[in-house]
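Right, one structure below, let's go through it.
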Amino acid sequence: MSIPKSYLSIDQIASRIPDGALIGVPKDDGGVSMAITRALIRRKARDLRLLTVPVSSVQADMLIGAGCVSKIETSGVSLGEFGAAPNFRRAVEHGKIAIHDATCPALYAELQASEKGVPFMPLRGILGSDILANRADWKTINNPMADVQDPIVLLPARRPDFALFHARYGDKHGNIWVSGRRECILLAHASAQTFASVEEIWDGNLLEDERMVAGTIPPVYVSGVAHAPKGAWPLALSGCYDQDGDHLKMYVEAAKSEEAFAEYINSQILTSESTA
Amino acid sequence: MSIPKSYLSIDQIASRIPDGALIGVPKDDGGVSMAITRALIRRKARDLRLLTVPVSSVQADMLIGAGCVSKIETSGVSLGEFGAAPNFRRAVEHGKIAIHDATCPALYAELQASEKGVPFMPLRGILGSDILANRADWKTINNPMADVQDPIVLLPARRPDFALFHARYGDKHGNIWVSGRRECILLAHASAQTFASVEEIWDGNLLEDERMVAGTIPPVYVSGVAHAPKGAWPLALSGCYDQDGDHLKMYVEAAKSEEAFAEYINSQILTSESTA
Amino acid sequence: MLDGCKNIAVGASSPIPGCAALLAQAVTNGGTRASILGSNKHNPFNDGGPELFDRAGQGRVDAFFLSGGQIDGEGNINLVSAGPYPKPDTRFPGSFGSSYLYFSVPRVILFREEHSRRVFVEKVDFISAPGWSPPEVHRPGGPHALITSLCVFMYNRERHRFRLEGLLPGVSLEEVQDNTGFDFDHSENIKPVPPPEPDRVKLLHTAIAAEISETYPEFAQERLGYHD
Amino acid sequence: MLDGCKNIAVGASSPIPGCAALLAQAVTNGGTRASILGSNKHNPFNDGGPELFDRAGQGRVDAFFLSGGQIDGEGNINLVSAGPYPKPDTRFPGSFGSSYLYFSVPRVILFREEHSRRVFVEKVDFISAPGWSPPEVHRPGGPHALITSLCVFMYNRERHRFRLEGLLPGVSLEEVQDNTGFDFDHSENIKPVPPPEPDRVKLLHTAIAAEISETYPEFAQERLGYHD
């Protein structure tokens, strides 16, 4: 399949995401666009506000380490089996980025409120936590449906400026396909605009194939698509390739010092075309 | 494909749905199990409470005409191009069934609250309508996120005893596949139990096929499956067959009088094995 | 009337509005996108039933068509019943999504062919959705126009009243007044509604008829003379 | 400890609890269902990220494992940071779903191998999720047990305190007390934790190791000696 004419390049997408934007990104098994992430670092993006849906790994850590991020709302940043996220940890400990700690279902609820166009969503739990104590934007009310005392937390709708992820397929009609990754569908619905990189081009119309339709995001939500084979590398793309454990180990080591990480950025991203 | 051993018959499913149950059913292009509907009429089910998701056509009309229904919560019952739903209309005009009038997104919101295990969901609109005026279970509050006056309606979680629908595929692992019919997925998640008839048996595991997984409902939600080819007839099943317009025309004519409808029930359902 | 609308959605049981939306899509070369509920081909709502309402709630739907068993002069619509509720004289199908979409879609076009005092009443017996709301109610949407077999009314949101905008060929102001149960505004010289251009009529009976027949086969055959 | 649980879910970065859940599934012949986040094969959450939380909110998840950078004697857990918030001495990854699941899953098993006063503190620096809640708070869930490399504590929901239930082979009460920063209940004669039956150990190093290696390849290789 040839690349559809309407497609952008990875760097064109990065150039359409302005400094200061609120960007929603999926968790590391959900289709992370590391290709666009690297392009954002190449264009020296600044003051990005990250919303992780609901957690992140190397993507958030790399953007933070490269100085692209001023604020993050997250339920967690970790490299899982490969250990803590060194840049994230250092930036928070040194007070270099603002952090809004959250919990996974609260981030989903904030996006679901945006998806539905309602001002808030209720959520059980959280009461008595320091998560709640540090969130002036989360409100506790008494459940209006209850006759007794029954406190419950309301989360406000949160609408990212951009949803950013890597999808398995795109077609020439502007559809993208994310299989069962509903967090990507939710993120696309909830955001003002969606940019995606895609692994492969689908020959045909994804909306017209009854087996693909349930995992498809139609063009009404999508502002731009780029073709990026291996676009989730060094993370996995379900059904296509596993994570690159050797690279991630090397990444974590490099990220442990600012000097080594600067060298990683330089050798792996700024001067390397192959990882585009 | 042979029928999996764990499968039930249509009549076994009907026997497991007791009189008085609250039953959630999808709209007429969403995979309606007319096969189970006819089995419920054969077993002379009584006092069923129907929740249409969010509207219904021949299914609700037929169950009402056969005397199976005592109450309905719905946004609309109509045979669309074929005209009004005669049994529904007659039963409401004669006060024979209780009716809770709703509006489509409110019914979805009630189910979404149940799906999420929260006591309510907010919804814009509805204010000033007689829909709201007649629903003591819907509450208007002032939006706690707003600094100004901003009334908004809260809908309570509604958990059907049974979700009932017809799916395109079932597999021997207990999975069922509904393609992009998210109202069926929502209904299964929101209900205490789900019974489904399936058009065809899928050879393999629907959860292990990346193209099928997004439209699949796993067995944790499903209490029983029956194989029922043409199980949506005379309604359409997307991708399989169109609605049977001649039959629906005949149905509407028959339903216009109680006598003719009794004859329809007798000839088409009670004494007809072929439509099982 | 649909000029500048990027996304038009059409609800259940609405073949004529469906044709209008498809026609708008055809003449704008896709600049306007028509979404027909119940259609597989013209239904970009691939994420199940809730998606239309979610999208409307976000402001992603610019125009929608609604109708009513009764419609009154303030733009209140009744899709539920005539006579006392809940045991009425005549039961209609129900409110469908109207109680919500009338609030969320900026340009709601009311469409009802039958122009009679039975339909256009002074005050509806049941408000499925009100024509207007007090200022504290969040309401980006509401009625824009009312199209009947006799005329076109435009809705004035400040005055909560219809204004007769155009008459169909051969129809007089008196005929509209005689058949309308509510009071409405009008100027001295009411313009006739211009007949559709011949190429659009042709388009309607050919390409549009073929498209709408996927969702409304009976309608395409009986009203547009379409046979596939 | 997982007896009678129909559905056990295991969160991110939890290889040992993952093995425990898979073992429970194996020895009950599927009567217990293990859901491992991040696994394709053992992940019946096919409807995206929100599904685990929705299902837990409905009461469809019977048991879950959580851990903590700090855990205190009331069962409060801290997954956020040690030292002042938000600019701490040591930042941990974050609370993940704990602030919610600790309330909604009936049997939450806390698991932390490192048994030290650094981890088991008198009072956590940041409450990701509280061990208990006042009676007006809707809370079907909460801590059930705490498993460490030295011992097993059970949680008493009335007293909001842990009780030392069993010691691992070679571990004394004094050793536990020396390494625990909070006060806990215990009887005079604390039972030893029985070693796992040999057939289960074998199962762990063969079939379970193979299954967990899909999600945690490094762990399966280094801790269970698994090579595929």
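Atom set for the values below is all heavy atoms of this structure, side chains included, hydrogens, waters and symmetry mates excluded. Being a predicted model, the structure only gives us computed values, none of them experimental. Below, chains carry the letters A, B, ... as their sequence lines are ordered, and counting in each starts from 1.
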Close side-chain approach of [X] and [Y], heavy atoms under 4.5 Å:
{"X": "C:His138", "Y": "B:Asp150", "result": "yes"}
{"X": "B:Arg124", "Y": "C:Arg139", "result": "no"}
{"X": "B:Pro151", "Y": "C:Val137", "result": "yes"}
{"X": "B:Phe82", "Y": "C:Glu218", "result": "yes"}

For atom NZ of B:Lys139, decide whether the heavy atoms of other residues, nucleotides or ligands shown that lie under 6.0 angstrom number more than 12.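 Atom NZ in B:Lys139 is crowded, with more than 12 foreign heavy atoms closer than 6.0 Å.
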Give a yes or no on this: more than 12 heavy atoms of other residues, nucleotides or ligands lie within 6.0 Å of atom CZ of C:Arg157.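 Counting other residues, nucleotides and ligands, CZ of C:Arg157 exceeds 12 neighbours.
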Anything in residues 26-33 of chain B with a heavy-atom distance to chain C below 4.5 Å? Please list those residues in order.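 Contacts with chain C: B:Lys27, B:Asp29.
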Output the distance between atom [atom1] ([X]) and atom [atom2] ([Y]), rounded to the nearest 0.5 Å.
{"X": "C:Phe53", "Y": "B:Thr103", "atom1": "CZ", "atom2": "OG1", "answer": "6.5 Å"}
{"X": "C:Lys87", "Y": "B:Ile99", "atom1": "NZ", "atom2": "CD1", "answer": "14.0 Å"}
{"X": "C:Ser99", "Y": "B:Asp101", "atom1": "OG", "atom2": "CG", "answer": "8.5 Å"}
{"X": "C:Glu214", "Y": "B:Asp242", "atom1": "CD", "atom2": "CG", "answer": "9.0 Å"}
{"X": "C:Arg91", "Y": "B:His94", "atom1": "CZ", "atom2": "NE2", "answer": "14.0 Å"}
{"X": "B:Ser129", "Y": "C:Phe103", "atom1": "OG", "atom2": "CZ", "answer": "6.5 Å"}

Heavy-atom distances under 4.5 Å only: say whether [X] touches chain C with side chain, backbone, both or neither.
{"X": "B:Ile185", "value": "neither"}
{"X": "B:Val55", "value": "side chain"}
{"X": "B:Ala98", "value": "neither"}

If the threshold is 4.0 Å, N to carboxylate O, is there a salt bridge linking C:Asp47 and B:Arg181?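 A salt bridge is absent here (no side-chain N lies under 4.0 Å from a carboxylate O).
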Is the closest basic N to carboxylate O distance between C:Glu51 and B:Arg182 below 4.0 Å?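 Not counted as a salt bridge, because no side-chain N and carboxylate O are separated by less than 4.0 Å.
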Looking at [options], which one has more heavy-atom pairs under 4.5 Å with chain C than the rest?
{"options": "B:Gly128, B:Pro105, B:Ala106", "value": "B:Pro105"}
{"options": "B:Leu186, B:Thr74, B:Leu123, B:Val148", "value": "B:Leu123"}
{"options": "B:Ile131, B:Leu111, B:Val53", "value": "B:Ile131"}

Taking every non-hydrogen atom, the tightest pair across B:Cys104 and C:Gly97: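 Of all heavy-atom pairs spanning B:Cys104 and C:Gly97, the closest is SG-N, 3.4 Å.
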Closest approach of C:Phe96 and B:Ser78, non-hydrogen atoms and distance?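 In this case the closest contact between C:Phe96 and B:Ser78 is CZ-CB, 4.4 Å.
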Partner chain B: residue of C:Thr90, C:Leu101, C:Val124 with the largest heavy-atom pair count (under 4.5 Å):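 It is C:Thr90.
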Highest number of heavy-atom pairs under 4.5 Å with chain B: which of C:Ser128, C:Gly48, C:Gly94, C:Pro93?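 Going by pairs under 4.5 Å, I would pick C:Pro93.
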Show your working on side chain to side chain contact (heavy atoms under 4.5 Å, CB included) between B:Asn134 and C:Phe126 and close with a plain yes or no. CA-CA 10 Å; B:Asn134 283 281; C:Phe126 185 101; 3.7 Å; yes
Please classify the contact of C:Pro217 with chain B as side chain, backbone, both or neither, using a heavy-atom distance under 4.5 Å.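 Contact with chain B is through both the backbone and side chain of C:Pro217.
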Which residues, numbered in order, of residues 72-86 of chain C come under 4.5 angstrom of chain B by heavy-atom distance?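 Those residues of residues 72-86 of chain C which have a heavy atom under 4.5 Å from chain B are C:Val80, C:Tyr85, C:Pro86.
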Looking at C:Gly49, is its backbone amide N or carbonyl O close enough to the side chain of B:Glu183 to form a donor-acceptor pair, meaning the two atoms are under 3.5 Å apart?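 It does hold such a pair.
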